[in-house]
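Some notes on the structure that comes next.
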Amino acid sequence: MNAEDFMTAEMTVLSRFLEGKPNRDLETTQLVSCELLRSVGMDSINCGINTLQNDSLALPVAEVQYALSAWFEINKREMPWRITRNPYHIWLSEIILQQTRVEQGIPYFMRLTTRFPTVESLSDADLDEVLQLWEGLGYYSRARNLHKAAKMIVEKWSGLIPSALDDLLSIPGVGPYTAAAISSIAFGHPHAVLDGNVIRVLSRIFAFPEDVALSSSKQTLHKMASALLDVRRPGDHNESMMELGALVCTPKPDCPICPVRSFCKGFETGTPTQFPVKRAKKKTPHYHIAVGVIRDEEGRIFIQKRSLDSMLGGLWEFPGGKNESTESYQQTCRREILEETGMSVDVGPLIASIPHAYSHFKITLHAYDCELTSSTIPSTALSWEWAVNEQLQEYAFPKANRLLINMLTQQESGTTEGNND
DNA sequence: AAGGCGGGGAG
DNA sequence: CTCCCAGCCTT
């Protein structure tokens with residue numbers, strides 16, 4: 001087909017789409033080839049609902065692309081990183097958005113780009129400051145890798161984000177998704193992204209019957225995404241797939257308003273929510289953590305910095321640790337503080353018990369008022385500080401620790417200002 | 001291939 | 001409560 005015929009075909013497809021008459025049998029539309037489907041085993045998979053047929057799975061790619069682009073232009077949300085193609089901003093936004101909702105990430109993007117307008121300014125910063133700006137966003141290895149990556153980009157590429165997939169993949173914190181996203185959105189290179197949204201959309205369109213966590217499934221889904229990619233506008237296409245997954249093809253999908261429902265096997269069979277197929281995850285354990293609030297003679301509070309390679313690495317915390325169930329929480333508190341810092345304390349009254357959920361376990365943080373009984377200088381391998389209340393705002397703390405700090409601050413202001421109740 | 005790694009919003 | 005989000009890294 002020559003270019004002119006292709007244009008004509010596209011116009012035909014578009015006008016039919018706009019008339020609400022998508023037509024699977026248009027001979028001018030590109031089809032996801034049966035060869036592709038066969039190569040990934042989709043022609044003979046019994047998904048338990050019905051046996052999938054090549055014909056019922058073949059997608060008119062041009063129609064789907066038009067449906068997606070038309071929907072996207074009308075429905076896309078405004079985001080601060082959508083007003084630019086500055087690769088640095090695209091990179092930063094993609095790191096922020098890993099496992100993170102757009103609404104949650106926006107204020108962090110604004111603060112980080114304001115404080116660090118360039119890769120150089122980010123690479124020159126202290127990791128502590130980056131972590132402080134990242135506090136509350138979770139997955140702190142992203143912040144550590146971001147900082148490490150900035151230094152690498154300055155050294156290796158003179159501060160310019162590379163555009164080639166292999167170069168991007170060599171950057172700490174940049175994996176297959178992020179590399180394809182930066183490459184396509186910032187540089188217009190034809191790489192399809194495969195994230196949680198795209199996996200959901202594609203697994204429903206194709207009624208993909210296998211566990212999407214398997215690497216073989218990822219490969220298959222990526223081939224599908226690549227076959228569907230609109231190489232004339234890769235970035236917009238990728239964003240439209242993800243936006244569809246975020247706004248329409250959600251865990252509880254709104255199929256009646258979906259622009260591609262007429263191409264969707266999941267919709268056709270009335271069982272879109274059966275996809276994507278995921279194995280049940282095991283339930284999370286619940287730990288009890290006891291920590292101590294220790295003040296010196298000047299009323300400053302003891303805090304320590306978590307090891308960089310640990311969970312919540314680089315953040316600050318109150319000393320303490322996990323209860324071993326053969327002991328009381330007070331005993332846990334005393335034992336852990338001695339082990340971690342070498343300081344002996346008398347454990348006083350309970351200040352608060354704060355519940356908190358992590359992704360793979362739950363904790364209750366029991367905080368005790370502690371009295372230092374040894375004059376020993378803390379002999380911990382970790383960094384530590386005696387900090388006054390105002391300073392506590394300048395350190396990065398995990399969520400449960402931050403809640404405790406807020407309670408301490410409230411207590412203090414309540415006693416100094418006098419309680420009217 | 002499997003598990004670790006945060007926090008928040010939706011239902 | 002549960003689910004899951006513009007995933008990456010280590011083992």
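Note on naming: letters A, B, ... go to the chains in the order of the sequence lines (proteins, then strands), and numbering restarts at 1 for each one.
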(message) dC8(C), OP1 or OP2 - any side-chain N/O from Thr178(A) closer than 4.0 Å?
(response) yes

(request) Assess Arg142(A) against Tyr139(A): is NZ or CZ under 6.0 Å from the centre of the six-membered ring, and within 45 degrees of the ring's axis? (result) no

(message) Using OP1 and OP2 only, check whether a side-chain N or O of Lys362(A) sits under 4.0 Å from dT2(C).
(response) yes

(request) Indicate, with a heavy-atom threshold strictly under 4.0 Å, whether Gly138(A) touches base, sugar-phosphate, or nothing. (result) base

(message) Of the options dG7(B), dA6(C), dC5(B), whose atoms approach the side-chain atoms of Met311(A) most closely?
(response) dC5(B)

(message) So, OP1 or OP2 of dG4(B): does either fall under 4.0 Å of a side-chain N or O from His360(A)?
(response) no

(message) With hydrogens left out and only the distance checked, is there a donor-acceptor pair under 3.5 Å joining Arg101(A)'s side chain and the base of dC4(C)?
(response) yes

(message) OP1 or OP2 of dG6(B) versus the side-chain N and O atoms of His356(A): is any pair under 4.0 Å?
(response) no

(message) Can you identify which nucleotide, out of dC4(C), dG7(B), dA6(C), has its nearest atom closest to the Lys399(A) side chain?
(response) dG7(B)

(request) With DNA chain C as reference, determine whether Pro172(A) or Met79(A) sits nearer its 5' end, using the nearest nucleotide of each. (result) Met79(A)

(message) With hydrogens left out and only the distance checked, is there a donor-acceptor pair under 3.5 Å joining Thr100(A)'s side chain and the base of dG6(B)?
(response) yes

(request) Among the candidates dC5(B), dA6(C), dG7(B), find the nucleotide nearest to the side-chain atoms of Tyr139(A). (result) dC5(B)

(message) So Glu239(A), base contact, sugar-phosphate only, or nothing? Heavy-atom distance under 4.0 Å.
(response) base

(message) Just N and O in the side chain of Arg200(A): are any of them under 4.0 Å from OP1 or OP2 of dC5(C)?
(response) yes

(request) Check every atom of dG7(C), dC9(C), dG6(B) against the side chain of Leu312(A) and return the nucleotide holding the closest atom. (result) dG6(B)

(request) Among dC5(C), dG7(B), dC5(B), find the nucleotide with the atom closest to the side chain of Asn197(A). (result) dC5(C)

(message) Less than 4.0 angstrom between a side-chain N/O of Gln99(A) and OP1 or OP2 of dG7(C), yes or no?
(response) yes

(message) One thing to verify: whether Glu339(A) and Arg335(A) come together as a salt bridge, which I'm taking to mean a side-chain N less than 4.0 angstrom from a carboxylate O.
(response) yes

(message) Whether Lys322(A) engages the ring of Tyr287(A) as a cation-pi pair (distance to the six-membered ring centre under 6.0 angstrom, angle to the ring normal within 45°) should be assessed.
(response) yes

(message) Using atom C1' in both nucleotides, what's the gap between dC5(B) and dC5(C) to the nearest angstrom?
(response) 14 Å

(message) Using a strict threshold of under 4.0 Å (side-chain N to carboxylate O), is an ion pair present between Arg82(A) and Glu243(A)?
(response) yes

(message) Please determine whether a side-chain nitrogen of the Lys or Arg among Glu371(A) and Arg295(A) lies less than 4.0 Å from a carboxylate oxygen of the Asp or Glu.
(response) no

(message) Distance check needed: dC9(C) P versus Leu169(A) CG, whole Å only.
(response) 9 Å

(request) For Gly136(A) and for Ser215(A), find the nucleotide of DNA chain B with the closest heavy atom, then tell me which residue's nucleotide is more 5'. (result) Ser215(A)

(message) Any heavy-atom pair between the side chains of Lys278(A) and Val212(A) that's under 4.5 Å?
(response) yes

(request) Choose from dA6(C), dA1(B), dC5(B) the nucleotide whose nearest atom is closest to any side-chain atom of Trp81(A). (result) dA6(C)

(message) I'd like the P distance from dG11(B) over to dA6(C), given in whole Å.
(response) 14 Å

(request) Could you work out the separation of dT11(C) and dG6(B) based on their P atoms and round it to a whole Å? (result) 16 Å

(message) Below the 4.0 Å mark, does dG7(B) have OP1 or OP2 next to a side-chain nitrogen or oxygen of Tyr108(A)?
(response) no

(request) Assign Ser359(A) to base, sugar-phosphate, or nothing according to its heavy-atom contacts below 4.0 angstrom with the strands shown. (result) base

